[in-house]
K.L.:
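Before I ask anything, let me first share the structure, which is written out below as structure tokens.
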Amino acid sequence: MPLRLYNTLSGEKELFVPRVPGKVGMYVCGVTVYDLCHIGHARAGIVFDMIYRYLQFAGYEVTYVRNYTDIDDKIINRANQEGTDYRTIADRYIATFDEDMDRLGMRRPTLEPKATEHIDDIITIIQQLIENGHAYATEGDVYFSVETFGEYLKLSKRNLEDMQAGARVEVDERKRNPMDFALWKSSKPGEPWWESPWGQGRPGWHIECSAMSMRFLGPSFDIHGGGKDLVFPHHENEIAQSECANGCQFVKYWLHNGFVNINSEKMSKSLGNFFSIREVLQLFHPEVLRFFILQAHYRSPLDYSDQNLREAQAGLARIYEALAGLDAALAEQADDLQTVPSAAELAEKAAGLEPRFREAMDDDFNTAQALGILFDTVRTLNRFLAEGGGRNTESRPALEQLRRSVDRIGDVLGLFQTRAADWLAEREAEKSRQLTVTEQEIQSLITERAEARKAKNFARSDEIRDYLLANNIQLVDTPQGTTWKVK
RNA sequence: GGCGCCGUAGCCAAGUGGUAAGGCAGAGGUCUGCAAAACCUUUAUUCAGCGGUUCAAAUCCGCUCGGCGCCUCCA
């Protein structure tokens, strides 16, 4: 079953054929480190983490490079605001980015280079571009000449005339074409700078990604990813720089994830409608956020709201509850010879889970469908356990196979990384912190209610139950006695 | 103004030519003294609207309406 993926460059789903059999080079644009990351960054991170994991699961040896852009106008502005230097700002937000990504359960990329560690590479590429006639220096700045690259805008499928007609770019007399973009910027007094053939300055935005991808993955590699908003100008400019410098195709497959929206509008710094990752993680478990993101296809827009996250939490809990039931069944001896009605269906679903998962994932990483398949399997599992098949001898291999498959799938999606029983217990503990009644009081009321029930004094028994319910405590009657949970 | 995307049940969301996955919420059932929880079952003759192509359309084409994105920094 071959992997097919949607390539922004062709606008179609294509068969994935890596340049070198069995190996994949993947570059994903990281962040410009000048502020806290928001949910949009979390989506990009999680989506490409999932892709990274799935490629590995599919047997590829993956070199995954994700950069930090640690020199940029916004970083300098932020430093000026705080009266500090760019390095302090960059290092601070690299640290917070790493923290956020770790909390979200992201597998670390193979390499995480920083732009400022590749200034020499950047200068080399710019020199090549000048020699090739694709770039020109003027007053300490260097610009890329877009008119020298016939295929410019092939990724975003536009043309220069239309762009200029609706352009909101400021006119710069020194540019040959208003669309020309900076490869190197001369430094103003007080700004950080590096020595270059064109004087003291710093790299423009875009060139650092060409330099770092080329350094670690070569002039031509398999997959380049990032958010949809990077298609133009960032990735378009990367293509221009890299292909003009190297004279070969830069990237075979371009992958772009959709935005996170708030009320159907893009979440962004400029609109001010963003939630930082750490804000959201105060309210929801990291896996809930991951589950929420993976429930939509990676290219679709995704509306963030408290309500939607709560629904994701309920859905994830459904799976964890089923897994807890599965674990409990497996912990017991299989000594029951009585076959239950859904045994055959369970065996079929257990055997089919992984193939069906792969089929969904091979279709442009359709995690929404993959999770649907998982839920479908969970329903059968629940029925099987409800029928009392947990200790059945004949079904034990299917149950074990199911558990292994869920583990493997969870490993790809970055979900179910906690033991099911622990996850559920943790959620209960979280809720318990908001209790308005002491556990002692609850216990004594449970005892009193048990006595009332024994005496068939149901009025008193119900009164106790209602009182506790009003305090968010739900009594749970079981054959073994009464327990309680926070509602 | 240019380019592009989207519109599937109360909500979220898969599905790109073969007769509508899944989740949340709701309803019914099992259980229970009654409940709750849990579990099971169930919920779109129909895919924004209109027209066309086809044996066959949510899927392809055209138009209309509605929402959004990029064209400036942005994952």
Side-chain angles (χ1 to χ4, degrees), chain A residues 11-13 28-32 34-35 37-48 72-74 77 153 156-159 161-170 179 205 225-234 236 256-261 263-271 274 291-292 295-297 299-303 305 307-308 310-316 318-319 321-322 325 342 356 360 363 366-379 382-383 385-387 453 456-459 461-462 465-466 468-469 474-479 482-485 487:
Chain A
E12 290 171 348
K13 279 186 199 171
V28 174
C29 289
V31 286
T32 300
Y34 75 103
D35 204 350
C37 290
H38 57 67
I39 304 305
H41 299 105
R43 184 177 194 190
I46 286 169
V47 161
F48 287 101
D72 170 270
D73 289 358
K74 288 198 295 275
N77 289 342
L153 304 179
S156 54
K157 299 170 183 62
R158 307 163 198 229
N159 64 67
E161 293 73 52
D162 290 342
M163 293 288 286
Q164 284 163 35
R168 286 179 275 173
V169 288
E170 60 201 82
M179 295 299 291
W205 184 43
K228 257 192 170 75
D229 43 4
L230 295 181
V231 173
F232 183 89
H234 188 55
E236 203 70 75
H256 294 96
N257 65 274
F259 300 135
V260 176
N261 293 160
N263 295 323
S264 302
E265 282 190 322
K266 180 184 171 184
M267 179 186 292
S268 75
K269 288 281 169 62
S270 32
L271 288 171
F274 61 91
F291 182 84
F292 167 70
Q295 253 192 318
H297 183 90
R299 285 189 283 119
S300 307
L302 180 59
D303 232 66
S305 71
Q307 167 72 10
N308 289 347
R310 263 198 289 273
E311 283 183 11
Q313 186 169 70
L316 182 60
R318 179 176 162 81
I319 296 177
E321 275 157 17
S342 62
R356 291 211 289 160
D363 184 13
N366 196 336
T367 54
Q369 189 163 63
L371 288 171
I373 289 162
L374 193 57
F375 275 113
D376 180 54
T377 308
V378 159
R379 192 178 54 239
N382 281 335
R383 186 187 308 133
L385 293 175
E387 284 170 3
R453 290 179 74 200
K456 301 227 187 288
N457 181 359
F458 296 124
S461 149
D462 290 351
R465 189 174 65 199
D466 292 344
L468 288 173
L469 193 59
Q474 178 70 60
L475 292 184
V476 183
D477 291 333
T478 75
T482 300
T483 61
W484 57 277
K485 59 193 264 181
K487 204 170 164 72

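Proteins get letters first, then strands, A, B, ... in listed order; numbering begins at 1 in each. For clarity, every value in this text was computed on a predicted model and none was experimentally measured.
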K.L.:
Taking B:C50 as the reference, what is the distance to B:U45 when you measure between their P atoms (whole Å, please)?
P.N.:
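About 15 Å, rounded to a whole number of Å.
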K.L.:
Checking all strands, does A:G226 fall into the base, sugar-phosphate, or nothing category for heavy-atom contacts under 4.0 angstrom?
P.N.:
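A:G226: backbone/sugar contact only, no base atoms under 4.0 Å.
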K.L.:
Could you give the CZ-to-P distance, from A:F259 to B:C6, as a whole number of Å?
P.N.:
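Between P of B:C6 and CZ of A:F259: 14 Å.
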K.L.:
Determine the interatomic distance between C1' on B:G26 and the same-named atom on B:C11; round to the nearest Å.
P.N.:
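Straight-line distance between the two C1' atoms is 11 Å.
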K.L.:
Report the residues that fulfil side-chain contact (heavy atoms from CB on, under 4.5 Å) with A:S461, sequence neighbours left out, ordered by chain and then residue number.
P.N.:
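Testing A:S461 for side-chain contact (heavy atoms from CB on, under 4.5 Å), a comparison that skips the adjacent residues, returns A:R449, A:A452, A:R453.
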K.L.:
For A:E265 and B:C68, give me the distance from atom CD to atom C1', rounded to whole Å.
P.N.:
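Between C1' of B:C68 and CD of A:E265: 9 Å.
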K.L.:
Please name the nucleotide paired to B:C24 by Watson-Crick or G-U wobble geometry with both distances under 3.5 Å, or report none.
P.N.:
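Because both required distances fall under 3.5 Å, B:C24 counts as paired with B:G10.
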K.L.:
Checking all strands, does A:G30 fall into the base, sugar-phosphate, or nothing category for heavy-atom contacts under 4.0 angstrom?
P.N.:
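Sugar-phosphate contact only.
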K.L.:
For A:N457, give me all partners under side-chain hydrogen bond (donor to acceptor under 3.5 Å, both in side chains), at least two apart in sequence or on another chain.
P.N.:
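Counting only residues at least two positions away or on another chain, A:N457 forms no side-chain hydrogen bond (donor to acceptor under 3.5 Å, both in side chains).
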K.L.:
Could you give the CG-to-C1' distance, from A:N159 to B:C3, as a whole number of Å?
P.N.:
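It is 9 Å, rounded to the nearest whole Å.
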K.L.:
Mark up nucleotides 29-39 of chain B, 5' to 3', with B wherever a protein heavy atom is under 4.0 angstrom from a base atom, S wherever such an atom reaches only the sugar-phosphate, and - elsewhere.
P.N.:
----BBBBS-S
K.L.:
Using atom CG of A:D229 as one end and atom P of B:G69 as the other, report the distance to the nearest whole Å.
P.N.:
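The answer, rounded to whole Å, is 12 Å.
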K.L.:
To the nearest Å, give me how far apart CD1 (A:I39) and P (B:A75) are.
P.N.:
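Spelled out: CD1 on A:I39 to P on B:A75 is 14 Å.
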K.L.:
Expressed as a whole number of Å, how far does the P atom of B:C65 sit from that of B:U19?
P.N.:
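To the nearest whole Å, 34 Å.
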K.L.:
Classify the nucleic acid contact of A:G315 as base, sugar-phosphate or nothing, counting any heavy atom under 4.0 Å across all strands shown.
P.N.:
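Sugar-phosphate contact only.
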K.L.:
Both distances below 3.5 Å, Watson-Crick or wobble geometry, any strand: find the nucleotide opposite B:C31.
P.N.:
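Per the H-bond distance test, none.
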K.L.:
Could you write nucleotides 9-19 of chain B as a row of B, S and -, 5' to 3', where a protein heavy atom under 4.0 Å of any base atom gives B, of only sugar-phosphate atoms gives S, and otherwise -?
P.N.:
--B-SSS----
K.L.:
Distance between the C1' atoms of B:G52 and B:U59, in whole angstroms?
P.N.:
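So the two C1' atoms sit 15 Å from each other.
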K.L.:
Once side-chain hydrogen bond (donor to acceptor under 3.5 Å, both in side chains) is applied, do any residues pair with A:Q369, and if so which ones, sequence neighbours excluded?
P.N.:
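Residues passing side-chain hydrogen bond (donor to acceptor under 3.5 Å, both in side chains) with A:Q369: none at all.
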K.L.:
What's the OH-C1' distance between A:Y34 and B:A75, to the nearest Å?
P.N.:
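From A:Y34 OH to B:A75 C1': 11 Å.
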K.L.:
With sequence neighbours left out, write down each residue that passes side-chain hydrogen bond (donor to acceptor under 3.5 Å, both in side chains) with A:R379, or none if nothing qualifies.
P.N.:
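For A:R379 the side-chain hydrogen bond (donor to acceptor under 3.5 Å, both in side chains) partners, ignoring immediate neighbours, are A:D376.
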K.L.:
Using a heavy-atom cut-off of 4.0 Å across all strands, would you classify A:V231 as base, sugar-phosphate, or nothing?
P.N.:
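The answer is nothing, as A:V231 stays clear of every strand by at least 4.0 Å.
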K.L.:
Mind checking if A:S268 touches a base, just sugar-phosphate, or nothing, with heavy atoms under 4.0 Å?
P.N.:
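Base contact.
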K.L.:
Quantified in whole Å, what is the P atom distance between nucleotide B:G17 and nucleotide B:G7?
P.N.:
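The same atom, P, in both gives a distance of 16 Å.
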K.L.:
How far apart are the closest heavy atoms of A:D303 and A:S264, and which atoms are they?
P.N.:
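Taking every non-hydrogen atom into account, OD1-N, 2.9 Å.
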K.L.:
Rounded to whole angstroms, how far apart are NE2 on A:H256 and P on B:G69?
P.N.:
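After rounding, the reported distance stands at 18 Å.
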K.L.:
Using the six-membered ring wherever Trp is involved, compare the ring planes of A:H38 and A:F274 and label them parallel, tilted or perpendicular (cut-offs 30° and 60°).
P.N.:
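It falls in the tilted class, 30° to 60°.
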K.L.:
Could you work out the separation of B:U8 and B:A27 based on their C1' atoms and round it to a whole Å?
P.N.:
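To the nearest whole Å, 22 Å.
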K.L.:
For A:H297, what residues pass the ring-ring contact (aromatic ring centres under 6.0 Å, His included) criterion, not counting sequence neighbours?
P.N.:
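Per chain and number, A:H297 pairs via ring-ring contact (aromatic ring centres under 6.0 Å, His included) with no residue.
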K.L.:
What closest approach, in Å, do A:Q295 and A:A368 show between heavy atoms, and which atom pair accounts for it?
P.N.:
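Heavy atoms only, the tightest pair is O-CB, 3.1 Å.
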K.L.:
Can you tell me the pairing partner of B:G4 across any strand shown, Watson-Crick or G-U wobble, with both distances under 3.5 angstrom?
P.N.:
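Partner of B:G4: B:C68.
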K.L.:
Identify the heavy atoms of A:V260 and A:I39 that sit nearest to each other, and give their distance.
P.N.:
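Closest heavy-atom pair between A:V260 and A:I39: CG2-O, 3.9 Å.
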K.L.:
Distance-only criterion, 3.5 Å: show the donor-acceptor pairs between side-chain atoms of residues 226-233 of chain A and protein atoms not counting sequence neighbours.
P.N.:
residue, atom, partner, partner atom, Å
A:K228, NZ, A:R299, O, 3.1
A:D229, OD2, A:K266, NZ, 3.4

K.L.:
Between B:U64 and B:A21, how far apart are the two C1' atoms, rounded to whole Å?
P.N.:
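Taking atom C1' in both B:U64 and B:A21, they lie 31 Å apart.
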K.L.:
What's the gap between B:C55 and B:G1 when it is taken at their C1' atoms, as a whole Å value?
P.N.:
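Approximately 45 Å lies between the C1' atom of B:C55 and that of B:G1.
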K.L.:
Base, sugar-phosphate or nothing for A:R158? Non-hydrogen atoms, less than 4.0 Å.
P.N.:
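The residue A:R158 makes base contact.
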K.L.:
So, OP1 or OP2 of B:C70: does either fall under 4.0 Å of a side-chain N or O from A:K157?
P.N.:
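For B:C70, neither OP1 nor OP2 has a side-chain N or O of A:K157 closer than 4.0 Å.
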K.L.:
With both distances under 3.5 Å as the test, what is the Watson-Crick or G-U wobble partner of B:G51?
P.N.:
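By the stated definition (distances under 3.5 Å), B:C61 pairs with B:G51.
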K.L.:
Find the distance A:N257:CG to B:G69:P and express it as a whole number of Å.
P.N.:
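Those two atoms, CG and P, are 16 Å apart.
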K.L.:
Test of understanding: with side-chain hydrogen bond (donor to acceptor under 3.5 Å, both in side chains), list the residues that count as partners of A:D363, not counting sequence neighbours.
P.N.:
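For A:D363, the residues satisfying side-chain hydrogen bond (donor to acceptor under 3.5 Å, both in side chains) (neighbours in sequence not counted) are A:K13.
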